[in-house]
Amino acid sequence: MARDTQTQLRNKMIYSVFVRNYSEAGNFAGVTADLQRIKNLGTDILWLLPINPIGEVNRKGVLGSPYAIKDYRGINPEYGTLADFKALTNKAHELGMKVMLDIVYNHTSPDSVLATEHPEWFYHDADGQLMNKVGNWSDVKDLDYGHHELWQYQIDTLLYWSQFVDGYRCDVAPLVPLDFWLEARQQVNAKYPGTLWLAESAGSGFIQELRS
């Protein structure tokens, strides 16, 4: 796809979808069936909230928050299969829409693949337990980007999803080092030119407090 200029991108319409709540079916097929209507609204970019499996430890409510991700490279089985996801993205592309994934790189669920396989990549409290910096985010633990090995894992994950999607909405992006994002953009854009990047931020006081 041709690269869009910044001015062109600012004029694009983004339509956000939480797959679980979007349709009665609560799955990818329910979104796919409605893509023509979404396109007819004038949508240019379909933004999917996290589609990954949700952690079970410290889960909020019965269903959990999609921002407590258990496996960055997996599909939430409640939504369908990878084939179902590909059918959704393929149909969106056929209709002339781009697809943007929500990525959550500041934290994972306490029982995530990374917490199990690489607990050293997380912040720890005085007792050596995984921790998070925001108290009411009780269903997640924070990643520590001081461990450079984590960087390439996260970038390789982006390269994997870039087979199917056109860009990323980056959750609480300022809580992840800028140098990481610059490296990620360089590697991803080298293989997938024109990749879209949208950063979520927050008030400066919140960011500065958590960075300190």
Side-chain angles (χ1 to χ4, degrees), residues 1-4 8-56 59-105 108-109 112-113 139-140 154-173 184-185 188-189 191-200:
M1 297 184 181
R3 181 185 298 273
D4 291 304
Q8 288 174 325
L9 286 173
R10 289 192 183 107
N11 292 322
K12 300 294 185 183
M13 176 174 156
I14 301 176
Y15 190 96
S16 177
V17 169
F18 180 20
V19 174
R20 185 169 74 198
N21 288 1
Y22 187 78
S23 68
E24 186 174 346
N27 57 21
F28 292 132
V31 179
T32 303
D34 204 37
L35 284 176
Q36 183 63 65
R37 186 192 69 84
I38 293 173
K39 174 63 178 179
N40 291 345
L41 294 173
T43 302
D44 300 297
I45 302 169
L46 185 71
W47 159 25
L48 299 176
L49 272 65
I51 62 167
N52 314 98
I54 298 171
E56 298 176 14
R59 175 176 281 198
K60 290 186 175 181
V62 176
L63 299 176
S65 166
Y67 291 89
I69 291 175
K70 189 171 185 178
D71 182 3
Y72 285 124
R73 300 178 182 182
I75 292 282
N76 187 335
E78 298 171 6
Y79 293 174
T81 65
L82 178 61
D84 296 325
F85 174 67
K86 290 168 66 175
L88 189 163
T89 59
N90 287 341
K91 180 65 174 178
H93 289 149
E94 289 172 8
L95 292 171
M97 292 184 287
K98 295 184 178 181
V99 181
M100 178 181 291
L101 273 189
D102 206 322
I103 57 169
V104 188
Y105 271 11
T108 74
S109 68
S112 69
V113 169
D139 56 345
V140 297
Q154 300 289 60
I155 292 170
D156 287 344
T157 300
L158 295 172
L159 289 168
Y160 168 73
W161 289 114
S162 290
Q163 301 175 78
F164 316 115
V165 303
D166 311 286
Y168 302 98
R169 180 266 187 188
C170 307
D171 188 64
V172 288
R185 288 183 61 182
V188 173
N189 284 24
K191 189 169 184 180
Y192 298 96
T195 296
L196 306 174
W197 299 89
L198 177 64
E200 182 218 13

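All values below were derived from every heavy atom in this structure, side-chain atoms included, with hydrogens, water molecules and symmetry-related copies excluded. Throughout, numbering of the chain's residues begins at 1 and tracks the sequence.
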Visitor: Is the backbone N or O of Thr108 less than 3.5 Å from a side-chain atom of Ser112, with the two atoms forming a donor-acceptor pair by type?
Guide: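 No, because the side chain of Ser112 does not come within donor-acceptor range (under 3.5 Å) of the backbone of Thr108.
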
Visitor: Is a side-chain N or O of Asn90 found less than 3.5 angstrom from the main chain of Ala87, in a donor-acceptor match?
Guide: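 Checked: no pair found.
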
Visitor: Can you list the steps and then say if Leu196 with Lys12 is a side chain to side chain contact (heavy atoms under 4.5 Å, CB included)?
Guide: CA-CA 12 Å; Leu196 306 174; Lys12 300 294 185 183; over 6 Å; no

Visitor: Step through it carefully: locate the ring centre of Tyr160, locate the ring centre of Tyr72, and say whether they are under 6.0 Å apart.
Guide: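 Not close enough - the centres of the two rings lie 6.0 Å or further apart.
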
Visitor: Between the side chain of Glu200 and the main-chain N/O of Val172, is any donor-acceptor distance below 3.5 Å?
Guide: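 Here the side-chain-to-backbone pair exists.
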
Visitor: List the residues meeting salt bridge (charged side-chain N to carboxylate O under 4.0 Å, His left out) with Asp171, not counting sequence neighbours, and say none if there are none.
Guide: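 By the salt bridge (charged side-chain N to carboxylate O under 4.0 Å, His left out) rule, Asp171 matches Arg169.
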
Visitor: If you define the side chain from C-beta out and look only at heavy atoms, does anything of Glu78 sit under 4.5 Å from Asn27?
Guide: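 No, too far: nothing below the 4.5 Å cut-off.
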
Visitor: Closest approach of Val99 and Ala92, non-hydrogen atoms and distance?
Guide: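 That closest heavy-atom pairing would be CG2-CB, 3.7 Å.
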
Visitor: If you measure from CG on Leu198 to CD1 on Ile14, what distance do you get to the nearest 0.5 Å?
Guide: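 The CG atom of Leu198 sits 5.5 Å away from the CD1 atom of Ile14.
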
Visitor: Write down the atom of Asp139, the atom of Ser65, and the distance for their closest heavy-atom approach.
Guide: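 Asp139 and Ser65 have their closest heavy atoms at OD2-CB, 3.5 Å.
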
Visitor: Name each donor-acceptor pair under 3.5 Å that joins a side chain in residues 41-51 to protein atoms two or more places apart or in another chain, with its distance.
Guide:
from, atom 1, to, atom 2, distance (Å)
Thr43, OG1, Ile38, O, 2.8
Asp44, OD2, Met13, N, 2.8
Trp47, NE1, Asp102, OD2, 3.2

Visitor: Compare all side-chain heavy atoms of Val165 with those of Met100 and state whether any distance is below 4.5 angstrom.
Guide: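 They are not in contact (no side-chain heavy atoms under 4.5 Å apart), so the answer is no.
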
Visitor: Answer yes or no: are there more than 12 heavy-atom neighbours, outside Lys60 itself, under 6.0 Å from its atom NZ?
Guide: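 Counting other residues, nucleotides and ligands, NZ of Lys60 exceeds 12 neighbours.
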
Visitor: Between Phe28 and Phe85, how do the two ring planes meet: parallel, tilted or perpendicular, split at 30° and 60°?
Guide: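 Answer is tilted, since the angle falls between 30° and 60°.
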
Visitor: Holding to salt bridge (charged side-chain N to carboxylate O under 4.0 Å, His left out), I want the full list of residues that pass it with Asp34, two or more places apart in sequence or in another chain.
Guide: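 Checked Asp34 against salt bridge (charged side-chain N to carboxylate O under 4.0 Å, His left out); matches are Arg37.
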
Visitor: Please report the shortest heavy-atom distance between Arg59 and Gly64, naming the atom on each side.
Guide: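 Shortest heavy-atom contact: CG-CA, 3.3 Å.
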
Visitor: Let me see the working for Tyr168 and Leu158 under side chain to side chain contact (heavy atoms under 4.5 Å, CB included), right down to the final yes or no.
Guide: CA-CA 9 Å; Tyr168 302 98; Leu158 295 172; 3.8 Å; yes

Visitor: Taking the side chain from Tyr192 and the backbone from Asp166, do they hold a donor-acceptor pair closer than 3.5 Å?
Guide: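 Answer holds: no.
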
Visitor: For side chain to side chain contact (heavy atoms under 4.5 Å, CB included), just list the numbers for Tyr67 and Ile69, CA-CA rounded to whole Å, side-chain angles, deciding distance to a tenth of an Å, and then say yes or no.
Guide: CA-CA 6 Å; Tyr67 291 89; Ile69 291 175; 6.0 Å; no

Visitor: Could you walk me through whether Val188 and Leu159 pass side chain to side chain contact (heavy atoms under 4.5 Å, CB included), step by step?
Guide: CA-CA 6 Å; Val188 173; Leu159 289 168; 4.1 Å; yes

Visitor: Of all the heavy-atom pairs spanning His93 and Phe164, show the shortest one and how long it is.
Guide: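 Answer, listing the atom of His93 first, then Phe164: CE1-O, 3.3 Å.
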
Visitor: Crowded around Arg185 CZ? As in, over 12 foreign heavy atoms under 6.0 Å?
Guide: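 12 or below, so no.
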
